[in-house]
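Contents: one structure, followed by commentary.
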Amino acid sequence: MIDLRLVRSDPEAVRAALARRGDEALLDPVIALDQERRALQARVDELRAERNRASEAIGELKRAAKDDPAKAAEADAASAAMRELKDGLDGLEASLKDLDERLTDALLVVPNLPHPDIPLGASEEDAREVKRVGEPPAFAFEPRDHLELAGPGIDMERGARTSGSRFGYLTGDVARLWWAISRMALATLEEAGFTPVAPPVMVREEAMYQTGFFPTDRQSVYQLADDDLYLVGTSEVPLAALHAGEILAEADLPLRYAGLSSCFRREAGAAGKDTRGIFRLHQFEKVEMFAFTRPEDSWDEHERLLALEESIAQTLGLAYRVVDIAAGDLGASAARKYDIEVWLPGQGRYRELTSCSNCTDYQARRLEARYRPESGGPQPVHTLNGTAVTSSRTVIAVLEQHQREDGSVAVPQPLLNYGAPAVIGPAA
RNA sequence: GGAGAGGUGGCCGAGUGGUUGAAGGCGGCGGUCUCGAAAACCGUUAUUGGGGGUUUUCCUCAAUCGAGGGUUCGAAUCCCUCCCUCUCCGCCA
């Protein structure tokens, strides 16, 4: 969540920042409720102080009553007097709790403040192209899409029979290809100082709030019917929650994790969109990067995550471009997000392959993930996340960009060390 | 799933409903001593919110002993619900 102190000290700056993403109206209830709450807090604190003083006095009277029975009556009288104050206090405390909850609710729906340099606009098309790397392959033949190239290696019919639409099986060489891709990515990240993690993929509601997916994106998350658990759409959730409520040592930062997990997405708002193949699935696997940094280091770290994503894309021999996502198209937690869009010959255009976000202190504040700076009290760390590879889009990109006229795929050399077949398809 | 035992500060650990935000110990930090270090000794050592100020080090009030309710003038302590940990049995990868 955003910093309430900043809202108080410079509400106009916060409003202007939110206006860039079209969310400035969300600020008004926060300001109003905060003022109301502070006023009430002061009154409640006063009454509590009075109660504490009186209770202490009663305690002393009761002790004195052992020697002097007259003190007992005095204590009873004081108790009776305090009962009235208590009734009033109980009511005010209930109001304070209610106000607190309403303020928290109002605050939870306010998204992060976008970085000043990012493009304006609300849609995918408003993203700014940062650069293009590699030439989209020019085929002397009509390129096939990943489903044609994979043949029986991607089985959507049986996936649908087992689980429904947007589910598929990766089998044989395509499964080998994916596992090789994921192992290559994990090795790359481990080399770059990331700790590998096999995280839980079922989490409590609290973790969803802490990472900023709830309450805003609730409709895109699977909920288990008989247990208060949710299936994560990304291992960002359990990786972020790894240090929830902790005060980290400054010397330990940055902390970098690479998680490999299944990801589950309801794709509620995507009916009829990207229905062919494994581009948009309810379940896929992903290697995810996650970093906790000092506030002053997070923008460098953001560039570092992007560079790692690019390095992996380059290892896979992919042509891609990098875009800077528009303010209005950001997720709630992100202050800035880069996407790598990969050229897909089957679709004849660039499509999102990976993305990396700097969530600054927004997620950390919800997580209560802090660190202790050299001077001063604990303050929120910054958190960042980025996709390394996925079993859906990375697999598609490799198949489609490295296809040959006979319908086979020449698997990139670096993957062969990780168990990928050299060729997939008819020639294999 | 069944039965039982527990959750107190960075860690260990005490705590008859009334100066207990919390003894004691360990660890950390500062100091004395020392050429230096160790030892010893002295001091210090949580977080959050509100208010004030000589507005980065300060004062003050409030809250916090797994979480949330309740009883009470007053709860770490009593009651209820939930969460988690441990032990035994059952089951299982």
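Reminder, nothing fancy here: chain letters follow the sequence lines and each chain counts from 1. Every value quoted in this text rests on a predicted model; they were computed, and no experiment measured them.
- Rounded to an integer number of Å, the gap from Leu96(A) CG to rU48(B) C1' is 14 Å.
- Rounded to an integer number of Å, the gap from CD of Gln41(A) to C1' of rG49(B) is 5 Å.
- Between the C1' atoms of rA93(B) and rG6(B), the separation comes to 29 Å (whole Å).
- Computed from coordinates, the Asp100(A) CG to rG50(B) C1' distance equals 12 Å when rounded to whole Å.
- A 3.5 Å limit on both hydrogen-bonding distances identifies no Watson-Crick or G-U partner for rG74(B).
- A gap of 32 Å separates the P atoms of rA14(B) and rC73(B), to the nearest Å.
- Computed from coordinates, the Ile247(A) CD1 to rA46(B) C1' distance equals 8 Å when rounded to whole Å.
- rA46(B) atom C1' lies 16 Å from atom CG of Leu248(A), rounded to whole Å.
- Side chains of Arg176(A) and Tyr418(A): a donor-acceptor N/O pair is absent below 3.5 angstrom, by distance only.
- Across all strands shown, rU57(B) forms no Watson-Crick or G-U wobble pair with both distances under 3.5 Å.
- Nucleotide rG6(B) forms a pair with rC84(B), judged by Watson-Crick or G-U wobble geometry with both contacts under 3.5 Å.
- Spacing between atom CD of Glu93(A) and atom P of rG74(B) amounts to 10 Å, rounded to whole angstrom units.
- Residue contacts shown for Arg5(A) are limited to sugar-phosphate atoms, with no base heavy atom under 4.0 Å away.
- Taking the ring axis of Phe213(A) as reference, the NZ or CZ atom of Arg218(A) does not stay both within 45° of it and closer than 6.0 Å to the ring centre.
- Atom C1' of rG21(B) sits at a distance of 24 Å from the matching atom of rC79(B), rounded to the whole Å.
- Base pairing of rC92(B) is not made with any nucleotide, judged by Watson-Crick or G-U wobble geometry with both donor-acceptor distances under 3.5 Å.
- Side-chain proximity of Arg370(A) to rG49(B), rU48(B), rG18(B): nearest is rU48(B).
- Closest to the side chain of Arg51(A), from the set rC61(B), rG74(B), rG49(B), is rG74(B).
- Using modelled atom types, no side-chain atom of Gln363(A) and backbone atom of Ser333(A) make a donor-acceptor pair closer than 3.5 Å.
- Taking atom P on both nucleotides, rG68(B) is separated from rU60(B) by 28 Å, rounded to a whole Å.
- Among the protein residues, Arg43(A) comes within range of no part of the nucleic acid, since none of its heavy atoms lies under 4.0 Å from any strand.
- Going from the C1' atom of rG18(B) to that of rU77(B) covers 12 Å, rounded to whole Å.
- As judged by a 4.0 angstrom heavy-atom cut-off over every strand, Asn52(A) is placed among residues touching the sugar-phosphate backbone only.
- Applying the Watson-Crick and G-U wobble criteria (two distances, each under 3.5 Å), rG17(B) pairs with nothing in any strand.
- Counting any heavy atom pair closer than 4.0 Å across all strands shown, Ala78(A) reaches no nucleic acid atom.
- With rounding to whole Å, Asp45(A) atom CG is found 13 Å from rG52(B) atom P.
- For the pair Ala80(A) and Arg48(A), nearest-nucleotide mapping onto RNA chain B gives the more 5' position to Arg48(A).
- When rounded to the nearest whole Å, the span between CD of Glu368(A) and C1' of rA67(B) equals 13 Å.
- No more than 12 heavy atoms of other residues, nucleotides or ligands lie within 6.0 Å of CZ in Arg43(A), so this atom counts as exposed by the packing criterion.
- Within 6.0 Å of atom CH2 in Trp179(A), 12 or fewer heavy atoms from other residues, nucleotides or ligands are found, so the atom counts as exposed in its surroundings.
- Figure legend. rU64(B) is base-paired to rA46(B); pairs are counted as Watson-Crick or G-U wobble with both atom distances under 3.5 Å.
- Heavy-atom contacts from other residues, nucleotides or ligands closer than 6.0 Å to CD of Glu296(A) number more than 12.
- Comparing rC84(B), rG49(B), rU48(B) by their nearest atom to the side chain of Arg204(A) picks out rC84(B).
- The residue Arg8(A) sits close only to the backbone: its heavy atoms come under 4.0 Å of sugar-phosphate atoms, none of a base.
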